[in-house]
Asks: 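This is the structure, below, for whatever I ask next.
Here the structure is a predicted model, which is why all the values come from computation and not from measurement.
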Amino acid sequence: GAGVSQSPRYKVAKRGQDVALRCDPISGHVSLFWYQQALGQGPEFLTYFQNEAQLDKSGLPSDRFFAERPEGSVSTLKIQRTQQEDSAVYLCASSLAPRGEETQYFGPGTRLLVL
Amino acid sequence: KNEVEQSPQNLTAQEGEFITINCSYSVGISALHWLQQHPGGGIVSLFMLSSGKKKHGRLIATINIQEKHSSLHITASHPRDSAVYICAVRSWVASGSRLTFGEGTQLTVNP
């Protein structure tokens, strides 16, 4: 079956521009996670959804970052007024079980470069 | 000090060598994951374990909960094993569980 997909795969934005990153999780997966991975670093947690409910957004680095999953499937991560420090790979992962209790399946990531 | 530390950061081996990557953590966990990341970003889950040892093909993962330490071993390494290997620990938070990742170990296996 289809895995987790993300779009776009690459995004170049000018500083100050708003961007929207999309994640299509595996169908039926309850849990959805967003991570930020800076170059040469491990991923860092941003936010977590259980179905449409955003249960944890404590990893979002600033109020310029906003995520939603309105129907409990596709999720969008929006970054407003992008800054150069936002340049990173943004990874989405989904998991069948609630509370992230099982294996997470990762998408290929969106590589964001802010100039 | 990071909650999850891996060693070594970089590892170069010759094809056929036995490889060990180590992971130490400082928090209480419910499970530990070993992940593989190839160039281009794709991450694949190799193991999820909470005790003992698991084996899949040439890969073996062990965990010692008391010592808060895990190792990933690759037997008879091959150039296609070249990738970044990431250790991640799952710990409980109010909303459920959260993965905290190590910085990864870049493995290069030369033919």
Asks: Is the number of heavy atoms from other residues, nucleotides or ligands under 6.0 Å of Glu44(A) CD greater than 12?
Replies: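 No.
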Asks: Quick check for you: among Pro43(A), Gly40(A), Gly42(A), which has the greatest number of heavy-atom pairs under 4.5 Å with chain B?
Replies: Pro43(A)
Asks: Chain A contacts: which residues in residues 99-111 of chain B have a non-hydrogen atom closer than 4.5 Å to it?
Replies: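 So the qualifying residues are Leu99(B), Phe101(B), Gly102(B), Glu103(B).
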Asks: May I ask you to check whether over 12 heavy atoms, not counting those of Gln83(A), lie within 6.0 Å of atom CD?
Replies: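 Buried by this count: over 12 neighbours within 6.0 Å.
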Asks: Can Ser95(A) and His29(A) be counted as having a side-chain donor-acceptor contact under 3.5 angstrom?
Replies: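 No donor-acceptor contact under 3.5 Å links the two side chains.
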Asks: How about CG on Leu115(A), more than 12 heavy atoms from neighbouring residues, nucleotides or ligands closer than 6.0 Å, or not?
Replies: yes
Asks: For Tyr35(A), is it the side chain, the backbone, both or neither that has a heavy atom under 4.5 Å from a heavy atom of chain B?
Replies: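 Only the side chain of Tyr35(A) comes within 4.5 Å of chain B.
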Asks: May I have the list of side-chain donor-acceptor pairs in residues 58-67 of chain A shorter than 3.5 Å, sequence neighbours left out?
Replies:
{"from": "Ser58(A)", "atom 1": "OG", "to": "Asp56(A)", "atom 2": "OD1", "distance (Å)": "2.6"}
{"from": "Ser58(A)", "atom 1": "OG", "to": "Arg98(B)", "atom 2": "NH2", "distance (Å)": "2.5"}
{"from": "Ser62(A)", "atom 1": "OG", "to": "Arg64(A)", "atom 2": "N", "distance (Å)": "3.1"}
{"from": "Arg64(A)", "atom 1": "NH1", "to": "Gln80(A)", "atom 2": "O", "distance (Å)": "3.1"}
{"from": "Arg64(A)", "atom 1": "NH1", "to": "Arg81(A)", "atom 2": "O", "distance (Å)": "3.2"}
{"from": "Arg64(A)", "atom 1": "NH1", "to": "Asp86(A)", "atom 2": "OD2", "distance (Å)": "2.8"}
{"from": "Arg64(A)", "atom 1": "NH2", "to": "Asp86(A)", "atom 2": "OD1", "distance (Å)": "2.9"}
{"from": "Arg64(A)", "atom 1": "NH2", "to": "Asp86(A)", "atom 2": "OD2", "distance (Å)": "3.2"}

Asks: Name the one of Leu35(B), Leu72(B), Thr62(B) that satisfies side-chain contact (heavy atoms from CB on, under 4.5 Å) with Phe47(B)?
Replies: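 Of the listed residues Leu35(B), Leu72(B), Thr62(B), the side-chain contact (heavy atoms from CB on, under 4.5 Å) partner of Phe47(B) is Leu72(B).
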Asks: Are more than 12 heavy atoms, taken from residues, nucleotides or ligands other than Glu71(A), located less than 6.0 Å from that residue's CD atom?
Replies: no
